[in-house]
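For ligands, and for the atoms within them, numbers begin at 1 and follow the listed sequence. These values consider heavy atoms only, across backbone and side chains, with no hydrogens, waters or symmetry-generated copies. Not measured: the values here are computed from a predicted model.
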Amino acid sequence: MDTRLRSPKPRVLLTGFDAFGGAAINPSWLAVQALHGRQLMGHTVVAARLPTVFGASLQVLNALLAKHQPALVVCVGQAGGRSAISLERVAINVDDAPIPDNAGAGPIDTPVVPGAPAAHFSTLPIKAMLAALQREGLPAEVSPSAGSFVCNHVFYGLMHAIATQPELHHTRGGFVHVPWLPEQGTPSMSLDDLVRGLRVALRCALAEPSPYQK
Ligand code: PCA
């Protein structure tokens with residue numbers, strides 16, 4: 001069955017994060033903001049910013065999921081030091097902060113959701129997205145780990161919500177990390193390329209089936 005036809009609402013929820021770790025900007029928010037309100041394959045893109053804070057980030061995300069009931073959710077974060085758009089494969093059920101979050105918290109070896117499974121796979125068609133990005137000449141990779149800071153926390157919380165909430169049964173979701181912008185350091189990608197890459201990735205995710213689709 002075509003899951004797109006059964007999607008609750010023809011919306012794409014696209015999130016970025018606040019700047020963190022003393023930085024002035026976060027390319028994830030700048031890139032997703034540029035796509036707010038766009039139409040992609042019959043879906044309206046809703047962009048939102050999450051706080052880089054354990055707990056609060058997931059409260060904001062869960063409220064957005066309840067409000068928009070999106071067909072597709074892609075959360076985006078900055079991964080300084082990476083040189084490519086990283087399509088995350090798996091979220092793990094652990095918070096282990098290498099630096100304090102924006103509220104000063106730094107949980108160590110704590111579950112994101114107590115008693116929940118160790119991991120959830122992305123339900124995005126990450127290999128098809130990789131191929132689509134590479135066809136556009138954009139640096140892209142499948143990543144085996146979103147780390148254990150706030151990005152993995154949000155990714156795990158998203159995938160757990162999708163796995164357990166009946167109203168999100170037909171929602172597909174996952175996480176994408178993006179490199180720094182040139183003004184933040186090396187390696188980097190331009191904001192234009194990040195926005196173009198996200199547009200290509202979203203189109204592909206709307207068009208292709210996922211190997212992990214329920
Ligand atoms: N990157 C951090 C959290 C917020 C962001 O943009 C991470 O990779 O966990």
Problem - Worked check of side-chain contact (heavy atoms from CB on, under 4.5 Å) between D193 and I85 - result: CA-CA 10 Å; D193 279 353; I85 294 175; over 6 Å; no
Problem - Electrostatic pair E136-R203, nearest N-O below 4.0 angstrom - result: no
Problem - Contacting atoms of ligand 1, where contact means under 4.0 angstrom from a heavy atom of N26 - result: 5 (C), 6 (O)
Practice task
Report yes or no: do D192 and S190 form a side-chain donor-acceptor pair below 3.5 Å?
Solution key: no
Completion exercise
The atoms of ligand 1 lying under 4.0 Å from a heavy atom of Q78, numbered in the order shown, are 1 (N), 2 (C), 5 (C), 6 (O), 8 (O)
Practice task
Identify, by atom number and element, the atoms of ligand 1 in contact range of G77, meaning under 4.0 Å from any of its heavy atoms.
Solution key: 6 (O)
Handout entry: Residue pair L58 / V112, side-chain heavy-atom distance below 4.5 Å
Key = yes
Problem - Considering all heavy atoms, the nearest R49-V60 contact - result: O-CG1, 4.3 Å
Practice task
Could you find the nearest protein heavy atom to atom 9 (O) of ligand 1 and give me its residue, atom name and distance?
Solution key: C151 N, 2.9 Å
Handout entry: For ligand 1, the portion of H177 having any non-hydrogen atom under 4.0 Å away
Key = side chain
Problem - Heavy-atom nearest option to atom 5 (C) of ligand 1, drawn from F175, W29, F149, F20 - result: F20
Practice task
Indicate the ring-plane relationship of F54 and F149, choosing parallel, tilted or perpendicular according to the 30° and 60° boundaries.
Solution key: perpendicular
Handout entry: Where ligand 1 meets T52 - atom numbers and elements under 4.0 angstrom, heavy-atom basis
Key = 3 (C), 4 (C)
Problem - Sole residue of V45, L64, V32 in side chain to side chain contact (heavy atoms under 4.5 Å, CB included) with L13 - result: L64
Practice task
Could you tell me whether A146 and ligand 1 have an N or O pair separated by under 3.5 Å?
Solution key: no
Exercise for the section: For ligand 1, note which part of D18 has a heavy atom under 4.0 Å away: side chain, backbone, both or neither. Expected result: neither
